[in-house]
Asks: 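Can you read through this structure? Questions will come right after.
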Amino acid sequence: MLADVVVDLQYGDSGKGKVSHHLCRTKDYTHVIRYNGGCNAGHTIYHEGKKFVTHHIPCGVFFGVRSIIGPGCVVNAKQFLKEIEELKESGFDVEELVKVASNAHVITDFHLAQDKREESIGTTKKGNGPAYRDKYDRRGVRAIEIPEFAPYIIDMYTELHENEEFDEVKILFEGAQGFGLDIDWGDYPYVTSSHCTVGGAILNGVPPNCIRDIWGVAKVYETYVGAKQFEGPDPVFEKIRDAGEEYGATTGRPRQVNWMDIDTLKMAIDINGVNQLVLNKVDVLDKVKRWCVYSGFNAFEFDKAEDMKLWITDELKTRVTNVTFSGDKHAI
């Protein structure tokens, strides 16, 4: 068994779906596993010229690869079945490919009603927090208990460790949200309710020594959606939001924008063990003609994108094997 992990190093919305889609197209995986979160996350993927936004289902389905919602996730049955129908209408073999771990937990109508009353954190109101709370309070509902999930249910141990269908199980772990929202490592309490790090992937049933590459994904600026004040006063951030189409894939809410913090990025790289780094949306800063990075209390402003790229690469050269700068939303 071997596994690669895609992990967001900021606050979500960094282009993980694009990176996962690229890896599925270029590598030989037997499984793609979503390892945390629920339908509070949306992955925007361009496949064969068509735009798809998935909230639960991993991107392996686009390439005929078994796609599993893992036990670290919480699942809304209505949203899941809606995605199933949309993908089926587009010609994808969801019945054969899409699976749900029997011990994944379910978001109920009660969880949704509770989350709608939350005002202090600025959640997506999708019921994740209450669902995870009940999971850890040992009164949650598991997917195996829901009749609608019956055609898709698998036992995760059997699927990964006793599967005679494949000579070697090769997994791509697809994460949701990001390091800055992790329940332990994020800016608590302005965090999500799941483990967004590589540790969250391992919790889905794969031994640590099977991990091969850890793909860290970030943008060359930062965005955040939630209740805390995040955006700086510079009017350029409004321009970046418009140029980068920085509106939530799940809620449509405008994302707050600020410059990238290199020190926070280094911390996320170190804790996750990232060896492959992708920095997205360089072209957005090119459109607004401003390039800046925070380091501690200092803001380093650059005359052009190439100067910024060289500076970032030099800052990270002892931490990662490769740094890829990406602009085009359709490719890395």
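Keep in mind it's a predicted model, so treat the numbers as computed, not measured. We count residues from 1, following the sequence as given.
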Asks: With a 4.5 Å limit on heavy-atom distance, are the side chains of Thr30 and Asn163 in contact?
Replies: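 No - every pair of side-chain heavy atoms lies 4.5 Å or more apart.
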
Asks: Can you tell me if Lys82 has over 12 outside heavy atoms packed within less than 6.0 Å of its NZ?
Replies: no

Asks: As an exercise, state the distance from CZ of Arg241 to CD of Glu238, rounded to the nearest 0.5 Å.
Replies: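 The CZ atom of Arg241 sits 4.0 Å away from the CD atom of Glu238.
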
Asks: Check Lys125 with Asp115, please: is the shortest side-chain N to carboxylate O separation under 4.0 Å?
Replies: no

Asks: Report yes or no: does Gln276 contribute a side-chain atom to a donor-acceptor pair with the main-chain N or O of Trp215 at less than 3.5 Å?
Replies: no

Asks: Can you establish whether the number of heavy atoms outside Phe166 located under 6.0 Å from its atom CZ is more than 12?
Replies: yes

Asks: Any non-hydrogen side-chain atom of Val32 less than 4.5 Å from a side-chain atom of Ser20?
Replies: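 No, every pair of side-chain atoms sits at 4.5 Å or beyond.
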
Asks: Run the ring-centre check on His195 versus Tyr35 and record whether the distance is less than 6.0 Å.
Replies: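 Between His195 and Tyr35, the centre distance exceeds or equals 6.0 Å.
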
Asks: Kindly determine whether Tyr157 and Glu162 satisfy side chain to side chain contact (heavy atoms under 4.5 Å, CB included), including the steps that lead there.
Replies: CA-CA 7 Å; Tyr157 178 77; Glu162 297 182 342; 3.4 Å; yes

Asks: State which residues pass side-chain contact (heavy atoms from CB on, under 4.5 Å) with Phe297; sequence neighbours excluded, sorted by chain then number.
Replies: none

Asks: With rounding to the nearest 0.5 Å, note down the distance linking CZ in Arg255 to OH in Tyr247.
Replies: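 Rounded to the nearest 0.5 Å, the CZ-OH separation comes to 10.0 Å.
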
Asks: Say whether, by atom type as modelled, one donor and one acceptor occur between the side chain of Asn275 and the main chain of Thr321 under 3.5 angstrom.
Replies: no

Asks: So, taking the atom named NZ in Lys126 and the one named NZ in Lys116, what distance separates them when rounded to the nearest 0.5 Å?
Replies: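 Interatomic distance, Lys126 NZ to Lys116 NZ, rounded to 0.5 Å: 8.5 Å.
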
Asks: List, by chain and then residue number, the residues other than Ile183 in its hydrophobic cluster (Ile/Leu/Val/Met/Phe/Trp/Tyr, side-chain heavy atoms under 4.5 Å); write none if there are no others.
Replies: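 Once heavy-atom contacts under 4.5 Å are chained together, Ile183 belongs with Tyr188, Val191.
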
Asks: For Lys27, what residues pass the salt bridge (Lys or Arg N to Asp or Glu O under 4.0 Å) criterion, not counting sequence neighbours?
Replies: none

Asks: Can you give the donor-acceptor pairs under 3.5 Å from side chains of residues 133-140 to other protein atoms, not counting sequence neighbours?
Replies:
unit_1, atom_1, unit_2, atom_2, d
Arg133, NH1, Gln114, OE1, 3.3
Arg133, NH2, Gln114, OE1, 2.7
Asp134, OD1, Arg139, NE, 3.1
Asp134, OD1, Arg139, NH2, 3.4
Asp134, OD2, His111, NE2, 2.8
Lys135, NZ, Pro71, O, 3.3
Asp137, OD2, Arg139, NE, 3.1

Asks: Taking the side chain as every heavy atom from C-beta outward, state whether Gln10 and Met260 have any atom pair closer than 4.5 Å.
Replies: yes

Asks: Would you say that Asp234 contacts Arg290 through its side chain, given a criterion of any heavy-atom pair below 4.5 Å between the two side chains?
Replies: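 They are in side-chain contact.
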
Asks: Using the rule that Ile, Leu, Val, Met, Phe, Trp and Tyr join whenever any side-chain heavy atoms are under 4.5 Å apart, tell me whether Val141 and Val74 fall into a single cluster.
Replies: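 In one cluster: no.
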
Asks: Can you tell me if Ser193 and Asn128 form a side-chain donor-acceptor pair at under 3.5 Å?
Replies: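 No, because no side-chain N or O of Ser193 sits under 3.5 Å from a partner of the opposite role on Asn128.
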
Asks: Tyr11: which residues meet the ring-ring contact (aromatic ring centres under 6.0 Å, His included) condition with it, sequence neighbours left out?
Replies: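 Scan of Tyr11 (ring-ring contact (aromatic ring centres under 6.0 Å, His included), adjacent residues dropped) gives Tyr224, Phe230.
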
Asks: When you look at CG of Asn298, are more than 12 heavy atoms from neighbouring residues, nucleotides or ligands closer to it than 6.0 Å?
Replies: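 More than 12 heavy atoms, drawn from other residues, nucleotides or ligands, come within 6.0 Å of this atom.
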
Asks: Would you give the length of the straight line joining atom CD1 of Ile211 to atom CG of Asn272, rounded to the nearest 0.5 angstrom?
Replies: 11.0 Å

Asks: Can you check whether Glu222 reaches Tyr294 side chain to side chain, under 4.5 Å on heavy atoms?
Replies: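 Not in contact.
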
Asks: Mind checking the CD1-CG spacing from Ile69 to Asn36? Nearest 0.5 Å is all I need.
Replies: 12.0 Å

Asks: Do Val61 and Leu81 land in one hydrophobic cluster if side-chain heavy atoms of ILVMFWY residues count as linked below 4.5 Å?
Replies: yes

Asks: Mind checking what makes side-chain contact (heavy atoms from CB on, under 4.5 Å) contact with Ser90, not counting sequence neighbours?
Replies: Lys50, Phe52, Phe92

Asks: Is there a side-chain contact between Thr54 and Cys59 in this structure, where contact means two heavy atoms from C-beta onward sitting under 4.5 Å apart?
Replies: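 Not in contact.
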
Asks: Can you list the steps and then say if Val217 with Lys18 is a side chain to side chain contact (heavy atoms under 4.5 Å, CB included)?
Replies: CA-CA 10 Å; Val217 186; Lys18 179 179 74 171; over 6 Å; no

Asks: Can you get from Leu181 to Leu203 by hopping between Ile, Leu, Val, Met, Phe, Trp and Tyr side chains that sit under 4.5 Å apart?
Replies: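 Unlinked, Leu181 and Leu203 end up in two clusters.
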
Asks: Contact between Thr223 and Val257 at the side-chain level, heavy atoms closer than 4.5 Å - yes or no?
Replies: yes

Asks: Asn76 versus His55: any side-chain heavy-atom pair under 4.5 Å?
Replies: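 Side-chain contact under 4.5 Å: no.
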
Asks: Closest heavy-atom contact between Ser194 and Gln177?
Replies: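 Of all heavy-atom pairs spanning Ser194 and Gln177, the closest is OG-OE1, 4.0 Å.
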
Asks: Tell me yes or no: between the side chains of Trp291 and Asp286, is some donor less than 3.5 Å from an acceptor?
Replies: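 Indeed, the side chains of Trp291 and Asp286 share at least one donor-acceptor pair under 3.5 Å.
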
Asks: Tell me, which pairs form a ring pair (Phe, Tyr, Trp, His ring centres under 6.0 Å) where one or both residues lie in residues 65-91, sequence neighbours left out?
Replies: Phe80-Phe149, Phe80-Tyr152

Asks: With ILVMFWY side chains joined below 4.5 Å, transitively, what does Leu2's cluster contain besides itself?
Replies: none

Asks: Quick check: is Val100 connected to Val106 through a chain of hydrophobic side chains (ILVMFWY, heavy atoms under 4.5 Å apart)?
Replies: yes

Asks: Among residues two or more places apart or on two chains, list those pairs meeting salt bridge (charged side-chain N to carboxylate O under 4.0 Å, His left out) that have a residue in residues 264-276.
Replies: Lys266-Glu315, Asp270-Arg319

Asks: Ignoring hydrogens and angles, tell me if any N or O in the side chain of Lys219 forms a donor-acceptor pair with the backbone of Asp13 under 3.5 Å.
Replies: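 Here the side-chain-to-backbone pair exists.
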
Asks: Checking side chain to side chain contact (heavy atoms under 4.5 Å, CB included) for the pair Ile107/Gln79: CA distance, chi angles, key distance, verdict?
Replies: CA-CA 10 Å; Ile107 299 169; Gln79 175 62 40; over 6 Å; no

Asks: Using a side-chain heavy atom cutoff under 4.5 Å and only I, L, V, M, F, W and Y, what cluster partners does Ile271 have?
Replies: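 Members alongside Ile271: Phe179, Trp185, Met267.
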
Asks: Can you name the residues that form a side-chain contact (heavy atoms from CB on, under 4.5 Å) with Ile202, not counting sequence neighbours?
Replies: Val198, Pro208

Asks: Looking at Ile68 and Ala101, what are the two nearest heavy atoms and their distance?
Replies: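 Closest approach of Ile68 to Ala101, heavy atoms only: CG2-N, 4.3 Å.
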
Asks: Hey, do the aromatic rings of His21 and Tyr46 have their centres closer than 6.0 Å?
Replies: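 No, too far apart.
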
Asks: Can you list every salt bridge (charged side-chain N to carboxylate O under 4.0 Å, His left out) pair that touches residues 93-104, not counting sequence neighbours?
Replies: Lys88-Glu95

Asks: Between CD1 of Ile146 and OG of Ser102, what distance do you get to the nearest 0.5 Å?
Replies: 13.0 Å

Asks: Between Arg142 and Glu145, does at least one N-O distance fall below 4.0 Å, as a salt bridge requires?
Replies: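 No salt bridge links Arg142 with Glu145.
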
Asks: Is any side-chain N of the basic residue among Lys239 and Asp242 closer than 4.0 Å to the acidic one's carboxylate O?
Replies: no

Asks: Between Glu174 (side chain only) and Ser67 (backbone N and O only), is there a donor and an acceptor less than 3.5 Å apart?
Replies: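 It does not hold such a pair.
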
Asks: Would you call Lys78 and Glu148 a salt bridge, using N to O less than 4.0 angstrom?
Replies: no

